[in-house]
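Here the structure comes first, spelled out in structure tokens, and everything after it is commentary.
Atoms considered below: every heavy atom in the structure, side chains included; atoms not considered: hydrogens, waters and symmetry mates.
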2 protein chains.
Amino acid sequence: MNRLIHFPFCARSRSIRIALVELGWDVHFEEEDPSAWRPDFVALNPACEVPVLVVSGLATVAGVYAISEFLDEAARDYDTSDEHIQLFPGDSVARAEVRRLVDWFHGKLDRDATGELVEQKLVRRVRGAGEPPPSGENLRAAHANLRYHLRYVNHLAGQRDWLAGDALSFADMAASGHFSVLDYAGIISWDEFPAAKSWYMRIKSRPSVRPLLQDRLLGLSPAPIYAELDF
Amino acid sequence: MNRLIHFPFCARSRSIRIALVELGWDVHFEEEDPSAWRPDFVALNPACEVPVLVVSGLATVAGVYAISEFLDEAARDYDTSDEHIQLFPGDSVARAEVRRLVDWFHGKLDRDATGELVEQKLVRRVRGAGEPPPSGENLRAAHANLRYHLRYVNHLAGQRDWLAGDALSFADMAASGHFSVLDYAGIISWDEFPAAKSWYMRIKSRPSVRPLLQDRLLGLSPAPIYAELDF
């Protein structure tokens with residue numbers, strides 16, 4: 001049985017969970033908190049990062065970059081049906097645009113906002129005592145950066161059907177991974193970004209995204225709109 | 001004419017400079033300091049990050065991830081000669097291992113060590129006054145992390161011909177991007193890591209890496225071994 005080792009509030013893990021469902025993979029999901037540095041997990045991925053995909057009898061594929069490209073290659077090589085989408089659709093130039101945006105969300109958005117906001121708004125609330133005090137300055141910067149990123153998504157969504165072009169792609173999944181986690185904490189003012197909101201409503205209603213909306217962080221309820229499809 | 005917009009002491013830029021030479025691309029190199037936030041450059045890449053590859057008459061490809069995959073696809077589609085290496089050689093599993101390590105170097109090594117060390121040891125020395133004071137704690141952590149990464153490269157290089165397996169790959173180029181910049185500052189104690197040193201001597205002697213060894217940072221000379229092939 002193939003296994004995806006993931007952390008529910010890791011945006012990168014979430015993007016791969018969406019991709020696996022979109023591509024029709026049959027996978028057993030296992031939760032792992034990488035901050036625990038479990039020796040068995042470090043042996044599987046020396047970087048001690050989620051997600052990790054264990055393809056039964058074939059390979060251990062570590063990290064969102066290697067997994068997403070591996071899934072795309074497998075689909076191109078073996079999936080001859082028309083029922084599934086492509087993670088990197090189109091020609092080389094279109095695929096480069098998808099990858100630019102994947103890097104934008106999993107790289108820049110993560111550094112600018114998601115990493116800090118998830119740590120401060122979700123993870124520390126659950127872990128509680130023993131954590132160092134939060135930095136108000138970092139938190140304010142992350143909030144300001146998040147607005148900048150929402151403006152950019154609003155700009156893209158106003159010009160294109162999906163974030164990287166005409167077709168749904170892994171760029172949309174990467175973005176959804178981040179925005180769905182931030183939405184759990186209720187810190188996105190969607191009404192200020194109508195094109196982004198319309199895009200997020202569309203992707204949120206896909207069956208591949210639904211399972212994420214069932215995630216619950218122990219000891220912290222989601223914001224009321226978290227699982228609402230019409231918010 | 002194709003153009004690569006890069007920054008001489010950006011490890012990601014360096015890895016693409018190596019890849020372009022290995023793949024036989026004819027490219028004009030243009031320097032850009034992304035910290036200047038030049039409007040013309042931001043218009044080209046909204047993330048304001050190097051490297052950016054402008055493929056004449058076809059596309060602007062932004063970021064090391066999109067560029068490396070674009071170059072690999074172009075080589076697979078159009079380069080029928082045997083004279084060039086492949087950036088991601090082998091089957092899907094081998095390619096996943098290359099990508100895991102590319103992410104290791106351009107992601108983890110950068111966050112753990114290169115980013116801080118390049119900023120403190122090279123960039124601030126050149127920019128000089130007006131910069132905030134360095135953090136001794138961050139610098140010590142980065143040095144300790146660098147030793148951890150050198151041990152890991154030493155481990156890989158002791159088991160394999162090249163870092164990701166039997167063949168030279170973009171993982172070696174990514175690693176070389178980082179280690180060559182750090183070497184400019186003379187902060188790698190190669191003799192402690194003999195297998196890593198042997199690997200670096202081999203890649204350093206390739207014609208694709210030689211141009212990097214000619215880079216000079218205005219106002220700061222390289223460490224004596226920087227351009228030595230037998231160090």
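- In Asp26(B), the CG atom is not crowded: 12 or fewer heavy atoms of neighbouring residues, nucleotides or ligands sit closer than 6.0 Å.
- Residue Ala66(B) comes nearest to Arg100(A) through the heavy atom pair CB-N, 4.0 Å, listed as atom of the first residue, atom of the second, then distance.
- Separation of atoms CG (Asp72(A)) and CD (Glu69(B)) is listed at 9.5 Å; rounding is to 0.5 Å.
- Counting heavy-atom neighbours within 6.0 Å of Gln159(A) CD, excluding the residue itself, gives a total above 12.
- Of the residues considered (Arg111(A), Arg95(A), Lys108(A)), Arg95(A) shows the highest number of contacts with chain B, using heavy-atom pairs under 4.5 Å.
- Shown here for Ala96(A) and Phe70(B), the closest heavy-atom pair between the two residues is CB-CD1, 4.3 Å.
- Distance check: Leu58(B) CG to Asp91(A) CG gives 8.0 Å after rounding to the nearest 0.5 Å.
- Tyr152(B) and Pro46(A) make their closest contact through OH-CG, 3.7 Å (heavy atoms, listed as atom of the first residue, atom of the second, distance).
- Neither the backbone nor the side chain of Glu97(B) comes within contact range of chain A; no heavy atoms are under 4.5 Å apart.
- Contact record, Tyr65(B) with Ser68(A): OH-OG, 4.4 Å, taken as the closest heavy-atom pair.
- Ion pair Arg99(B)/Glu73(A) flagged as a salt bridge, since at least one NZ, NE, NH1 or NH2 atom sits closer than 4.0 Å to an Asp/Glu carboxylate oxygen.
- The 12-atom threshold is not exceeded at CG of Asp166(B), counting heavy atoms of other residues, nucleotides or ligands nearer than 6.0 Å.
- Neither the backbone nor the side chain of Val98(B) comes within contact range of chain A; no heavy atoms are under 4.5 Å apart.
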